[in-house]
Amino acid sequence: KQEVTQIPAALSVPEGENLVLNCSFTDSAIYNLQWFRQDPGKGLTSLLLIQSSQREQTSGRLNASLDKSSGRSTLYIAASQPGDSATYLCAAYNFNKFYFGSGTKLNVKP
Amino acid sequence: GAGVSQSPSNKVTEKGKDVELRCDPISGHTALYWYRQSLGQGLEFLIYFQGNSAPDKSGLPSDRFSAERTGGSVSTLTIQRTQQEDSAVYLCASSLPRGLAGEYNEQFFGPGTRLTVL
């Protein structure tokens with residue numbers, strides 16, 4: 001069974017810092033990996049979707065990379081802002097099954 | 001509609017009662033997914049529909065849980081004889097169909113239904 005782990009569980013940084021969130025998965029037979037953010041009491045907002053054949057995806061200040069062979073993905077956030085404070089989740093998509101990590105809770109201090 | 005909608009937004013029920021949760025996907029999204037998120041826990045995948053069929057139902061926690069989708073659109077998740085451990089936020093997502101190489105498309109989530117079983 002796929003296991004998805006996110007480290008660290010929580011992260012607090014001052015505004016303006018660049019930061020990296022980590023996601024690891026045990027079964028490399030994935031079709032996709034997707035990153036989300038979840039704000040308190042709200043649903044999930046899609047950030048980036050990486051196909052298994054891709055190495056990275058970029059959107060604005062966000063860059064996500066995927067290394068299937070090592071079972072790792074990273075989400076890079078450039079020039080962090082207080083509005084980036086949220087829980088960030090990664091999800092690995094296998095055949096007819098979808099596995100989420102427990103998330104990294106990010107706090108960006110003004 | 002513009003996004004995935006779910007109803008009700010909140011449901012409080014007594015132990016042993018049946019509940020129905022509804023998901024209305026984004027128009028044109030033939031793939032639909034159900035998850036649940038218990039307090040302080042990660043998202044747990046329940047079931048996935050491609051069109052009206054669910055290829056794998058093994059993610060459903062017990063035989064008290066069932067889901068159906070008709071007309072390739074609205075889906076209902078039914079929990080029979082609810083238990084306190086069923087209390088959670090139930091989330092629905094939808095996406096475009098899988099690509100030719102089997103890859104999934106971006107999932108878009110609804111706001112969820114918060115279920116409380118007393």
Side-chain angles (χ1 to χ4, degrees), chain A residues 1-7 9-10 21 23-55 57-59 62 64 66 68 86-105, chain B residues 2-7 9-10 23-26 29 31-51 53-60 67 88-114:
Chain A
K1 180 186 173 185
Q2 176 76 276
E3 291 185 9
V4 180
T5 305
Q6 292 188 246
I7 293 173
L21 306 181
C23 171
S24 62
F25 47 94
T26 55
D27 181 356
S28 62
I30 62 171
Y31 287 91
N32 307 83
L33 189 135
Q34 189 167 358
W35 282 91
F36 298 86
R37 67 175 281 169
Q38 186 172 31
D39 294 279
K42 297 188 177 180
L44 277 69
T45 301
S46 174
L47 296 174
L48 290 164
L49 173 74
I50 312 175
Q51 307 291 353
S52 63
S53 57
Q54 296 175 323
R55 299 285 293 182
Q57 281 283 350
T58 298
S59 176
L62 305 179
L66 175 63
K68 279 183 59 177
T87 296
Y88 289 79
L89 300 169
C90 68
Y93 298 167
N94 290 82
F95 184 69
N96 293 336
K97 295 269 173 65
F98 310 90
Y99 300 92
F100 279 71
S102 297
T104 294
K105 187 173 183 179
Chain B
V4 178
S5 60
Q6 293 186 246
S7 60
S9 55
N10 277 286
C23 173
D24 204 336
I26 293 171
H29 280 193
L32 186 146
Y33 315 76
W34 282 100
Y35 300 86
R36 73 176 175 182
Q37 188 171 32
S38 303
L39 188 62
Q41 303 293 315
L43 265 76
E44 176 188 7
F45 166 69
L46 300 178
I47 194 167
Y48 152 66
F49 286 92
Q50 180 52 55
S53 67
D56 186 337
K57 299 182 180 181
S58 63
L60 295 174
V89 176
Y90 288 81
L91 292 163
C92 173
S94 71
S95 76
L96 292 170
R98 295 177 71 174
L100 294 175
E103 69 276 17
Y104 295 93
N105 275 292
E106 192 176 9
Q107 291 188 30
F108 294 89
F109 277 76
T113 293
R114 182 175 296 278

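We name chains A, B, ... by the order of the sequence lines, and we start the count at 1 in each one. Side chains included, hydrogens not; waters and symmetry mates left out as well; all remaining heavy atoms used.
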**Student:** Side chains of Y90(B) and C23(B): closer than 4.5 Å at any heavy-atom pair?
**Tutor:**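 No, every pair of side-chain atoms sits at 4.5 Å or beyond.
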
**Student:** Take atom NZ of K97(A) as the centre, draw a 6.0 Å sphere, and report whether it contains more than 12 heavy atoms from other residues, nucleotides or ligands.
**Tutor:**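 Yes, because the 6.0 Å sphere around NZ of K97(A) holds more than 12 heavy atoms from other groups.
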
**Student:** Could you walk me through whether S46(A) and Q34(A) satisfy the side chain to side chain donor-acceptor pair (under 3.5 Å) test, starting with their C-alpha distance in whole Å, then the side-chain angles of each, then the deciding distance to 0.1 Å, before giving a yes or no?
**Tutor:** CA-CA 8 Å; S46(A) 174; Q34(A) 189 167 358; 2.8 Å; yes

**Student:** For Q54(A) and Q57(A): C-alpha separation, side-chain torsions, deciding distance, then whether side chain to side chain donor-acceptor pair (under 3.5 Å) applies.
**Tutor:** CA-CA 8 Å; Q54(A) 296 175 323; Q57(A) 281 283 350; 3.0 Å; yes

**Student:** When you look at W35(A) and L62(A), which way does the side-chain contact (heavy atoms from CB on, under 4.5 Å) test go after all the steps?
**Tutor:** CA-CA 10 Å; W35(A) 282 91; L62(A) 305 179; over 6 Å; no

**Student:** What verdict does the side-chain contact (heavy atoms from CB on, under 4.5 Å) test give for F100(A) and L44(A), after you've listed the backbone C-alpha separation in whole Å, the side-chain angles of each residue and the deciding distance to 0.1 Å?
**Tutor:** CA-CA 12 Å; F100(A) 279 71; L44(A) 277 69; 3.7 Å; yes

**Student:** What I'd like to find out is whether the side chain of D27(A) reaches to under 4.5 Å of the side chain of Y99(A), using heavy atoms alone.
**Tutor:**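 D27(A) vs Y99(A): side chains apart.
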
**Student:** So for L43(B), is it side chain, backbone, both, or neither that comes closer than 4.5 Å to the heavy atoms of chain A?
**Tutor:**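 It is both, since atoms from each part get that close.
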
**Student:** For chain B, which candidate among V4(A), L49(A), I30(A) shows the most heavy-atom pairs at distances under 4.5 Å?
**Tutor:**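 Most pairs with chain B among the choices: L49(A).
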
**Student:** Heavy-atom distances under 4.5 Å only: say whether N96(A) touches chain B with side chain, backbone, both or neither.
**Tutor:**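 Both backbone and side chain.
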
**Student:** Answer whether the closest heavy-atom distance between the side chains of L47(A) and S59(A) falls below 4.5 Å.
**Tutor:**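 Side-chain contact under 4.5 Å: no.
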
**Student:** At a heavy-atom separation under 4.5 Å, does R98(B) approach chain A through its side chain, its backbone, both, or neither?
**Tutor:**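 Looking at R98(B), just its side chain touches chain A.
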
**Student:** Give me the contact list for residues 99-107 of chain B versus chain A, heavy atoms only, anything under 4.5 Å, ordered by residue number.
**Tutor:**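 Those residues of residues 99-107 of chain B which have a heavy atom under 4.5 Å from chain A are A101(B), G102(B), E103(B), Y104(B), N105(B), E106(B), Q107(B).
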
**Student:** So which of Q6(B), Q41(B), Q37(B) has the largest heavy-atom pair count under 4.5 angstrom toward chain A?
**Tutor:**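 Of the options given, most contacts go to Q37(B).
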
**Student:** Is Q6(A) close to chain B through its backbone or its side chain, or both, or neither, when contacts mean heavy atoms under 4.5 Å?
**Tutor:**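 Neither part.
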
**Student:** On the 0 to 90° scale, with breaks at 30° and 60°, tag the F98(A)-Y48(B) ring pair as parallel, tilted or perpendicular.
**Tutor:**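 Geometry flag for Y48(B) against F98(A): perpendicular rings.
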
